[in-house]
Every structure is written in structure tokens, then in C-alpha cells.
Amino acid sequence: MTTINLKDHYPWYTEDTFMEVPDEIAAFLDEDRRLQINYAQYIRDNKAFYSLDAGDGIEAGALNLPEQPDEALERMELERLLKEGLAQLTETQRRRLLASVLNDESNQRIAALESVDESAVRRSIQRGLAALKKLLNKF
């Protein structure tokens, strides 16, 4: 058994924390650390910096940041309010609004499918959007 300092291997340890591990695990951690140091040195020596114009997908990783916890919470709250707002609409308003917005159906097509006047579909969608807007303005 080998005693290792977890602070040397894991950046989230801020204080010295010693632990006994099998020799194989200690050797693996030392080898991994050595490889990381060698790779960093290779990058410095060869000035291997990547261009965002290379087209190899690196730019996607650089530009698409992971969602932050506060952003995730805000998105979940907005989704909850939207579902709540859709539940408050009448069945007809909800059906027509979803067909118009999500399925990108025209008012004429919705009216033809439901055998109603186009103006009725338009008014129904406008009322549904106004109700959702009123609810989401609280957000």
C-alpha cells in the first residue's frame, strides 16, 4: 500500500488529504500526472495552439458553453410557466396555438382541417397568445 496526497492529484482538494491506496493505483495516478505534464510541455514547445477556423470541431467546444445552474433553473421555471399557461387555455385554443407555432401550420390550413372560418382560428390563436403573454410577463 502506498500513501498519496489527494491534493496532488485532484484540484478540488484544497488541503492535504492523505490516503492509502494499492500500489497499482498509485502508479497509475503518477503515470497520468506525468503524461499530463508531458502533454502541457509538448503544447508549449510546439506552440500547438488551435485555430477556430480549422473546421475540426474545436470551435464548437469553445463557443458552446455548458448550461450554468442558474440558467438551467431559469429555463426550468420558464418551461413550468409555459406548461401552466397552456393548461389554462381552452382545448381549442391550445390545439390551434400548438398547430400554428410548433407545427408551423397556416391559419387557412387549421381552419380547413377543423371546418371552421379562418377568422375564428386567427382570433383563437390571438387570445391564446395574449393569455400566455400575460402569464409570462410575471416571469
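Since the model is a prediction, treat every value here as computed from it, not as a measurement. Residue numbers start at 1 and run along the sequence shown.
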Exercise. Are Leu129 and Leu82 connected, step by step, through hydrophobic side chains (Ile, Leu, Val, Met, Phe, Trp, Tyr) whose heavy atoms are closer than 4.5 Å?
Worked result: yes
Exercise. Salt bridge between Glu114 and Arg96, side-chain N to carboxylate O under 4.0 Å?
Worked result: yes
For this session: For side chain to side chain contact (heavy atoms under 4.5 Å, CB included), just list the numbers for Ile25 and Asp23, CA-CA rounded to whole Å, side-chain angles, deciding distance to a tenth of an Å, and then say yes or no.
Result: CA-CA 6 Å; Ile25 293 177; Asp23 294 333; over 6 Å; no
Exercise. Heavy atoms, side chains only, cut-off 4.5 Å: are Leu78 and Leu136 in contact?
Worked result: yes
Problem set entry | Cluster check Ile37, Leu29: I/L/V/M/F/W/Y, side chain < 4.5 angstrom | no
For this session: Show your reasoning for whether side chain to side chain contact (heavy atoms under 4.5 Å, CB included) applies to Arg33 and Asp8.
Result: CA-CA 9 Å; Arg33 188 171 186 202; Asp8 294 338; 3.8 Å; yes
Problem set entry | Nearest-0.5 Å distance that lies between atom CG in Leu89 and atom CZ in Arg127 | 12.0 Å
For this session: Answer yes or no: are there more than 12 heavy-atom neighbours, outside Gln108 itself, under 6.0 Å from its atom CD?
Result: no
Problem set entry | Carboxylate-amine/guanidinium contact Glu79 Arg75, below 4.0 Å | yes
Exercise. If you round to the nearest 0.5 Å, how far is CD of Glu20 from OG1 of Thr3?
Worked result: 4.0 Å
Exercise. Does Arg94 CZ have over 12 foreign heavy atoms under 6.0 Å away?
Worked result: yes
Exercise. Shortest non-hydrogen contact from Asn107 to Ser100?
Worked result: OD1-OG, 4.4 Å
Problem set entry | Heavy atoms of other groups near Met1 CE, more than 12 under 6.0 Å | yes
For this session: Using the rule that two of Ile, Leu, Val, Met, Phe, Trp, Tyr join whenever any of their side-chain heavy atoms come within less than 4.5 Å, decide whether Met19 and Tyr13 are in one cluster.
Result: yes
For this session: Could you give me the CA-CA distance, side-chain angles and deciding distance for Leu132 and Leu97, then say whether side chain to side chain contact (heavy atoms under 4.5 Å, CB included) is met?
Result: CA-CA 10 Å; Leu132 285 177; Leu97 182 64; 3.4 Å; yes
Exercise. Side chain of Asn5, backbone of Phe18: donor and acceptor closer than 3.5 Å?
Worked result: no
For this session: Would you please name every residue forming a side chain to side chain donor-acceptor pair (under 3.5 Å) with Asp32, sequence neighbours left out?
Result: Gln36
Seminar exercise, completed: Here the gap from Leu135 atom CG to Leu86 atom CG, rounded to the nearest 0.5 Å, amounts to 9.5 Å
Problem set entry | Non-neighbouring partners of Glu15 that pass side chain to side chain contact (heavy atoms under 4.5 Å, CB included), sequence neighbours left out | none
Exercise. Between the main-chain N or O of Gly85 and the side-chain N or O of Gln88, is there a donor-acceptor pair closer than 3.5 Å?
Worked result: no
